[in-house]
S.K.: 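Before I ask anything, here is the structure I am working with.
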2 protein chains.
Amino acid sequence: MTNEDLIWKALGDPTRRALLDDLASEPLTTGELVAKHSDLCRTAVMKHLGVLEDAGLVVVRREGRHRWNYINPVPIDRVCGRWIHGQVRHLTQAVNRLKSFVEDQEEPWPQ
Amino acid sequence: MTNEDLIWKALGDPTRRALLDDLASEPLTTGELVAKHSDLCRTAVMKHLGVLEDAGLVVVRREGRHRWNYINPVPIDRVCGRWIHGQVRHLTQAVNRLKSFVEDQEEPWPQ
DNA sequence: TAGTCATGTCACTATATGGTGACATATATC
DNA sequence: GATATATGTCACCATATAGTGACATGACTA
């Protein structure tokens, strides 16, 4: 399991992306995050934070009895650069291929 | 489960990202993809292709007894634009927060 | 020091997921 | 038509994952 795999797996869960969204604007304690997600118990939030921390997407600072969770956008940017831009590099030719085969189809392809 | 959730979930598996890598350079039949992944049985490859198709990341064209799998980079680009760029937008201030708190720590934060 | 508050940890459950083999269908080829 | 080939489908298994409640730890506060 490479670090990049950990990042993708962490981002694969909608709850974890929501947690990252919360942390994007400001660091929050675990308790504050739990308060924002009334549908989850505290243990579930902590598990998700653990996954995000293992992936390096969240960095933790302990202060007294508080645990401050910081988003770490660097890995996101790295993955975006290495994989997604690599994919998008093929966009033009792939779209051309799609166009040429869609001419023989009735249904349009997914947006 | 929104379409965006399906995309992230599909990208969360390393095997599926490898399949997309294969399709990035050229469309392939299912049999050709199976040949490229000797560690997987054909059924497993087809399941992964089904997940990618549900997410709209792969488009299928049937030709006789062949099934041609095309990558569809449009959703990847859309997700990259809507979520990742939104995350990276916070990069500067987040990095500043990280820097300021790291001054009080010994260990550097994950790369 | 006693109590509370926030966090950490453990055992457990239900479901999702990745993987497989067996069998069915459809198409090209002899 | 008989056969080989590529794909489709089904039931099944093992494991990973998300989630929960109960309990433990550790720090602030009266």
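A note on names: the letters A, B, ... follow the listed sequences, proteins ahead of strands, and every chain is numbered from 1. These numbers come from a predicted model, not from an experiment.
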S.K.: Would the distance check show the side chain of B:N72 and the main-chain N or O of B:V59 forming a donor-acceptor pair, the cut-off being under 3.5 Å?
M.R.: no
S.K.: Please identify the 5'-most and 3'-most nucleotides of DNA chain D with any atom under 4.0 angstrom from a heavy atom of chain A.
M.R.: D:dT17 to D:dC28
S.K.: Relative to the 5' end of DNA chain D, which residue comes earlier, A:K9 or B:G31, by the nucleotide with the nearest heavy atom?
M.R.: B:G31
S.K.: Could you pull out all residues at least two apart from B:R17 that satisfy salt bridge (charged side-chain N to carboxylate O under 4.0 Å, His left out)?
M.R.: A:D5
S.K.: List the steps, then state whether side chain to side chain contact (heavy atoms under 4.5 Å, CB included) holds for B:M1 with B:K9.
M.R.: CA-CA 10 Å; B:M1 198 68 145; B:K9 174 154 287 186; 3.7 Å; yes
S.K.: Quick one: is C:dG8 close enough that its OP1 or OP2 comes under 4.0 Å of any side-chain N or O from A:R62?
M.R.: yes
S.K.: A side-chain contact here means heavy atoms from C-beta on lying under 4.5 Å apart; do B:R16 and B:L11 qualify?
M.R.: no
S.K.: For the pair made of CD in B:E63 and P in C:dA26, what is the distance, rounded to whole Å?
M.R.: 19 Å
S.K.: Can you tell which of B:L40, B:L57, B:L33 makes a side chain to side chain contact (heavy atoms under 4.5 Å, CB included) with B:L19?
M.R.: B:L33
S.K.: What's the CZ-P distance between B:R16 and C:dA16, to the nearest Å?
M.R.: 15 Å
S.K.: Let me see the working for B:L52 and B:I71 under side chain to side chain contact (heavy atoms under 4.5 Å, CB included), right down to the final yes or no.
M.R.: CA-CA 9 Å; B:L52 292 168; B:I71 193 174; over 6 Å; no
S.K.: Within this structure, what is the CG-to-C1' distance between A:D13 and C:dA16, rounded to whole angstrom?
M.R.: 12 Å
S.K.: Using a 4.0 Å cut-off on heavy atoms, which residues in residues 32-52 of chain B reach DNA chain D? List them by number, or say none.
M.R.: B:R42, B:T43, B:M46
S.K.: So, A:N69 side chain and A:L28 main chain: donor-acceptor pair closer than 3.5 Å or not?
M.R.: yes
S.K.: Should the ring pair B:W8 and B:W83 be called parallel, tilted or perpendicular, given that the plane angle runs from 0 to 90° and is split at 30 and 60?
M.R.: perpendicular
